[in-house]
Amino acid sequence: MPNASTRPKRGRRNRRVPREDPARNELVSRSLESAQQCLFNQDYATAFVHYLLVLNLAPVLKDFARESFRFTLFKWADELDSLGRIQDLFDCYEQALELFPTDEVIINSMGEHLFRMGFRDEAAGHFHKALKLKPDYPEAKENFYRVANWLVERWHFLMLNDRRRNHKYQQAIQKAVEGGCNTVLDIGTGTGILGMCAKKAGAAEVYACELSKTMYELACEVVTANGMNGRIKILHLKSLEMEVPKDIPKRVSLVVTETVDAGLFGEGIIESLIHAWNHLLLPPQSTQDPSRPPSQTGRVIPAGATVFGMAVQCLEIRRLATAAAGELHSPVSCSSEDDSTEPYTTERLSRLPGGYTPLTEPFSALDIDFNNVQELEGLCSREVRRVRLPVTGEGLLDALAIWFQLHLDQESSLSTGPKEDTCWEQAIYPVQTPHNFPLRPGDELIVEISCRDAYLRLCSVAVARDGREFCLDDCLDPDKPRNNPGPSGNPYPSLNAEAELCSALACLGTEQSSGPRDYTLLECAEMALLNNQPYHDSFRRALAKLITNLKDARSVQGPSQGQGLEVMTLTDSPSGPMDPGPDPFYVLDVSEGFSVLSLMAASQGQVKAYSSVEKTQHQAVLRRLARANGVPEEALEFWLNQVEDEQAVLQRPSREKLWSAIILDCVETCGLVRQKLMEKATLARCLLEDGGQIFPERIVLYGMLVESDTLLLESAVQGKEPTLGFNIAPFINQFTVPVHVFLDLSTLQCRHLSDSVELFILDLMNTNANYTNRDVKVQASASGRVTAVPFWYQIHLNEEISVSTFNQDSHWKQAAVVLHQPLAVREGDWVRLTVTLQKKVNVSLWILYYE
Ligand code: 44T
């Protein structure tokens, strides 16, 4: 991400005090006239300059001209943006803000530009400022909610709400400080909590560092609010950049840190601790000189960790990691060729839909002493360790899962295991092997454990059965010699058998490739999309029906009329596969993320499909699937490639109404409606041929009342009691957002307090017919506290065919509005919800009345 501070700021211009004189008045009125004329002619650059002149010379006109000035600014800024003139764009905003320093609309809009350019922190600052100026300004509010998730990750709330964790850390720190460690550095301080614990325990000097700017600012606020301003020195730095005496005057006797992720090493704790031992900590307690007091030696909390692993069968992980009958794999990888990607995903095993089956007992994968710098330094050069794990359960090997115990000190530890009552997730290493080789008790699973690029890597390499070893690694490569062929000569699954496993692409076959497998193609959610067969099936049926209707219409109208199409088919050679035959049906897929619907369309025959998929790897997947399924190359094209190629633009049909079908991906994987969906639908409708259709034609939002403490714990620091005696909640809770995304409702711990109810309808075929607000009455079916309203969508492709985004096979997750204040209801009570479709951003939902 670019560093916001590198953007040069323009100094304030000297402004002359305006004087009353006729020449000036004349200039003002002429310039104003010119500005308006330029605006009319859409010459925004000149209009903007005229307005600047007018308003600088005649500030009294500010109120009168504010609206037109804003309009001009935004138009000109959009042009500058599309021309890539970023510096000019921000200069314009700064000039505008000199004239209107408290204009929330301008501030918010500048934030949007900053956000698009990747200056997230600065953008957030602008949204925050706009909100402070006008607390119920919806655009700024929505924008702030959007960045809040990035700025302060939701796990901060979980961790602060985890009392057991807080107390254990506090006790360990207190013990160390009281035992003599009196100078402390908190690495990755977050809200400042561990540093404050050290200070409260009596440490003489406390330092804290934090690399995130937002978290650093938050820590400063929190420390001040707790009366420790000046007593804890907080640095906006990554610990690796810290030096003695530049940043801290001398080496410290205690480092406290919780910079660990579900895979233990993902936040870089090994590197940070090696650096801390070499540059920031006093030398460790040595056995030669045990008399040195704790104030003269260094130590770390946590003192070390033990990593545990376990092999599991899990359908949900399989669905997210492999697709197209095992042909494609998610990029999560422990393969030897690929060191660049994080080797694991994270999941809370106990909450996976469909659960999981352990195939081995938990085993100890690694032990690490954070107080031993040689051990830390030697970690990556440690030899790859092979462990043989007795298989205890029967099933297909889908993944290795790991978790850890964090030894805070000799006595106290925290566990992130799947059986613990903890907010932690486990790290999941999907196994990239074919899936028709079930393990069974009596087998031994051979796993290699290593540490490369500061990641712990686990790889299941072989299965020992009946005295033979079956290699799990390169099984799909038939040319690769194997050590021990099995009794049948081939213990490895055949591709045909595998193809049965998942006909992931809604009846599309899979490529019979013999080459090495692909690891770096699709993300988990994209895999799940590929595996969302009900969606693809439904789409094919809906499109087939549309084409039948259009064919009927064409045959009634005769072959050469009524299609509203005039196509210069430069690429479709008369003898090509698209020919002979009638003109094709044009289908455009304008999905923003990955989508295979264009391919589904292309595979129907007599269709020319255009995909808007942009990423090269996505295009590669589509091309490859097209090839494997005999879809002619020219039946599927990439729209964006086309648009860039000027010549190719000619190939587009030249009439206005040109598409038989336009596909919109209306719901994002996270569970929210795509931004600007309705604008897109309006545009798309104008581009349809007679009888053409938008897919989907309608989406219906459903929701229900629930009581879920889990959602509360993820959304804000709960309760009125201070956290470990510190005042933290009001500060971090400023980053609370009302809408939670990426939920899995099927496993969310909650009590249903109502049936599901229809909340809102979006008609994409008739965007004018939509309301923007709707009141819905919901009756409580049980007594309880309503804490949230989860919601999902029924996506209607046509009158008969629809799919739900709340479905086990779906790649969509669900979202929920979490209430600011829980609402107590008794069975039979009515709750009135006001559901709003935000103009630009999304659907929002407010509980207004309670009757
Ligand atoms: N996720 C936990 C990981 N930092 C915790 O900027 C558990 C995730 C989690 N600062 C669900 C549940 C849970 N120098 O603010 C962050 C980060 C900062 C550093 C300075 C450094 N070398 C670093 C490294 C990291 O430390 C803070 C905490 S990192 C903890 C990660 C509840 N999903």
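Order of listing sets the numbers, starting from 1, for every ligand and every atom in it.
- Only side-chain heavy atoms of R348 come within less than 4.0 Å of ligand 1; its backbone N, CA, C and O stay farther off.
- R251 contributes no side-chain N or O that, together with a main-chain N or O of P249, makes up a donor-acceptor pair within less than 3.5 Å.
- Distances below 4.0 Å separate heavy atoms of E267 from the following atoms of ligand 1: 24 (C), 25 (C), 29 (S), 31 (C).
- With H236, E210, M215 as candidates, the residue nearest to atom 17 (C) of ligand 1 on a non-hydrogen basis is E210.
- Compare T346, T191, L211, L235 by their heavy atoms: the one nearest to atom 10 (N) of ligand 1 is in L211.
- With S272 contributing its side chain and G268 its backbone, the two residues share a donor-acceptor pair below 3.5 Å.
- With respect to atom 22 (N) of ligand 1, the closest heavy atom belonging to the protein is S239 OG, 3.1 Å.
- When only non-hydrogen protein atoms are considered, atom 12 (C) of ligand 1 lies nearest to C423 O, 3.3 Å.
- When only modelled atom types and interatomic distance are considered, S253 and T183 share a side-chain donor-acceptor pair under 3.5 Å.
- The closest side-chain donor-acceptor pair between T257 and T259 falls under 3.5 angstrom.
- When only non-hydrogen protein atoms are considered, atom 24 (C) of ligand 1 lies nearest to T259 CG2, 3.5 Å.
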Side chains of residues 355-367: which donor-acceptor partners sit under 3.5 Å, not counting sequence neighbours?
unit_1: T360; atom_1: OG1; unit_2: A311; atom_2: N; d: 3.1
unit_1: D367; atom_1: OD1; unit_2: T306; atom_2: OG1; d: 2.9

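- The residue among T257, D261, V260, I269 with a heavy atom at the shortest distance from atom 5 (C) of ligand 1 is V260.
- The distance from ligand 1 to the heavy atoms of L237 drops below 4.0 Å at these ligand atoms: 20 (C).
- Atom 32 (C) of ligand 1 has M159 CG, 3.0 Å as its closest protein atom, hydrogens excluded (heavy atom only).
- Looking from atom 26 (O) of ligand 1 to the surrounding protein, the closest heavy atom is G188 CA, 3.1 Å.
- A donor-acceptor pair shorter than 3.5 Å can be found between the side chains of E112 and N143.
- The closest approach between S272 and ligand 1 falls below 4.0 Å for a heavy atom of the residue.
- The main-chain N or O of R351 is found under 3.5 Å from a side-chain atom of T747 such that the two form a donor-acceptor pair.
- Environment of CD in E267: crowded, with over 12 heavy atoms of neighbouring residues, nucleotides or ligands closer than 6.0 Å.
- Within the 4.0 Å heavy-atom criterion, neither part of T189 lies near ligand 1.
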Under 3.5 Å donor-acceptor pairs involving side-chain atoms of residues 724-743, not counting sequence neighbours:
unit_1: N733; atom_1: OD1; unit_2: V717; atom_2: N; d: 2.8
unit_1: N733; atom_1: ND2; unit_2: V717; atom_2: O; d: 3.1
unit_1: N733; atom_1: ND2; unit_2: A729; atom_2: O; d: 3.4
unit_1: T736; atom_1: OG1; unit_2: S715; atom_2: O; d: 3.1
unit_1: T736; atom_1: OG1; unit_2: N733; atom_2: O; d: 2.9

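- In summary, of the residues considered (W424, F265, F308), a ring-ring contact (aromatic ring centres under 6.0 Å, His included) with F404 occurs for W424 alone.
- Taking atom 30 (C) of ligand 1 as the reference point, the nearest protein heavy-atom neighbour is E258 O, 3.2 Å.
- Nearest protein heavy-atom contact of atom 13 (C) of ligand 1 is W155 CB, 3.7 Å.
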